[in-house]
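Model, not experiment: these values are computed from the prediction.
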Amino acid sequence: MTSTTVLAAHAQQAAAPRCAPAWRAPVILLLAGLAACALLPDQLGLMTRIFITALFVLSLDLVVGVAGLATLGHAALFGIGAYAAGIFALQVHPDPLVGLLVGIAAGAGLAALSGAFLLRYQGFTFLMLTIAVSQILLNLAQKARQWTGGDDGLSGFAMGPVLGRFDFDLEGRVAALYALVVLVLLFYVARRLVDSPFGLAVRGIHENRARMAALGTPVFARLWLLYTVAGAIAGAAGALSAQTNAVVGMDSLSFALSAEALVMLILGGAGRLSGALVGAAAFTVLHHTAASINPYHWLFVVGALLMGVVLVPPAKAWAWLRRRAGAAR
């Protein structure tokens with residue numbers, strides 16, 4: 001091998017991007033979550049809510065940020081998981097892990113069934129159809145009072161101990177750690193999926209659907225599978241919400257929940273997965289803090305933040321922070 005070839009190989013290796021291992025971000029998330037729970041032992045209920053919300057927004061990021069599918073009916077996948085886990089605990093068995101699997105299966109099943117129809121459309125038509133699916137489920141939940149409790153909500157069930165050993169305590173320690181572990185595991189799964197050849201193909205579909213189809217990529221099958229995975233993760237978030245709160249309300253299927261999740265995703269930045277976690281945490285803490293100060297006008301603060309995000313997109317903000325961190329070194 002000549003010296004020129006060696007130099008060219010070294011230059012190509014140096015120019016190649018260095019990808020962080022898939023486990024690094026989940027480990028950082030786990031450590032950050034444990035630190036937050038240890039430093040704020042009086043806010044474990046808020047921590048649990050942040051973890052569950054982050055998981056829900058993470059599933060939305062797969063649909064909106066990765067696949068480029070605009071939706072305002074994502075709450076349907078969350079709500080079906082919540083009701084499935086709650087009904088299972090009330091009618092069948094209170095084991096939380098089995099109930100979590102039931103919620104995941106319900107979310108994935110609804111996404112697979114609805115996606116087989118919805119994904120044949122694009123743009124505004126797809127957006128409106130997702131809202132229609134959510135409203136249909138909301139109406140069905142109101143009618144099936146003997147199963148869902150109707151407008152009064154589904155309640156009266158108590159969850160068993162996690163792994164048969166850890167009871168849900170009044171302080172919320174078990175609930176917070178349980179939600180954190182599920183979030184970390186599913187975040188790792190989502191990261192591996194997005195970084196895989198399958199995930200790269202979906203990103204290519206997002207960028208140019210016609211070109212990917214011309215290259216022989218099965219566009220519908222790729223989007224349908226990703227939508228099903230996103231439904232499973234959203235169903236897991238709904239199941240966690242039902243199990244940790246011991247109640248499921250109509251708001252779990254509401255349009256407002258879908259809109260709030262989209263706002264969180266915009267705040268954190270779509271398409272990077274970690275942005276979903278940041279946006280969910282920031283919005284939930286802001287909601288909790290501002291609503292406790294002024295429960296009637298806290299949305300003004302959210303509006304100001306959204307204007308700031310429009311003027312300074314999260315990608316530019318992150319790039320500026322990286323440059324500042326590099327200059328500080």
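Applying the side chain to side chain contact (heavy atoms under 4.5 Å, CB included) rule to Val189 yields no partners; only residues at least two apart in sequence or on another chain are considered. Residues passing the side chain to side chain contact (heavy atoms under 4.5 Å, CB included) test with Val184 are Pro26, Leu29, Leu30, Leu180, sequence neighbours excluded. When the salt bridge (Lys or Arg N to Asp or Glu O under 4.0 Å) test is applied to Asp42, no partner is found at least two apart in sequence or on another chain. Residues forming a side chain to side chain contact (heavy atoms under 4.5 Å, CB included) with Gln122 (at least two apart in sequence, or on another chain): Arg209. Shown here are the side chain to side chain contact (heavy atoms under 4.5 Å, CB included) partners of Asp251, two or more places apart in sequence or in another chain: Ser254.
Among residue pairs with one or both ends in residues 26-58, those qualifying as ring pair (Phe, Tyr, Trp, His ring centres under 6.0 Å) are Phe56-His74, Phe56-Phe78; sequence neighbours excluded. Residue pairs meeting the side-chain hydrogen bond (donor to acceptor under 3.5 Å, both in side chains) criterion with at least one partner in residues 175-191, sequence neighbours excluded, are Tyr178-Gln243, Tyr188-Arg192. Legend: salt bridge (Lys or Arg N to Asp or Glu O under 4.0 Å) pairs involving residues 150-167, not counting sequence neighbours, sorted by first then second residue: Arg145-Asp152. For residues 231-266, there are no ring pair (Phe, Tyr, Trp, His ring centres under 6.0 Å) pairs, not counting sequence neighbours. For residues 104-145, every residue pair satisfying the ring pair (Phe, Tyr, Trp, His ring centres under 6.0 Å) rule, not counting sequence neighbours, is listed here: Phe117-Tyr121.
Side-chain heavy-atom separations under 4.5 angstrom define the hydrophobic clusters, and Leu200 shares its cluster with no other residue.
Of all heavy-atom pairs spanning Asp169 and Val174, the tightest one is OD1-N, 3.2 Å. Scanning all heavy atoms of the two residues, the minimum distance from Ala230 to Val63 falls at CB-CG2, 3.5 Å.
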Exercise answer: donor-acceptor pairs, residues 88-116 side-chain atoms, under 3.5 Å, sequence neighbours excluded:
unit_1, atom_1, unit_2, atom_2, d
His93, ND1, Asp95, N, 3.0
Asp95, OD1, Leu97, N, 3.1
Asp95, OD1, Val98, N, 2.9
Ser114, OG, Leu110, O, 2.7

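A donor-acceptor pair under 3.5 Å links the side-chain atoms of Thr217 to the main chain of Met212, judged by distance alone.
Residues Met250 and Leu138 meet the side-chain proximity criterion, which asks for heavy atoms closer than 4.5 Å.
Because its NZ or CZ atom is not both nearer than 6.0 Å to the ring centre of Phe198 and within 45° of the ring axis, Arg222 does not count as a cation-pi partner of that residue.
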>> Pair Leu183, Leu277 - check side chain to side chain contact (heavy atoms under 4.5 Å, CB included), show working.
In response: CA-CA 10 Å; Leu183 170 62; Leu277 309 181; 4.1 Å; yes

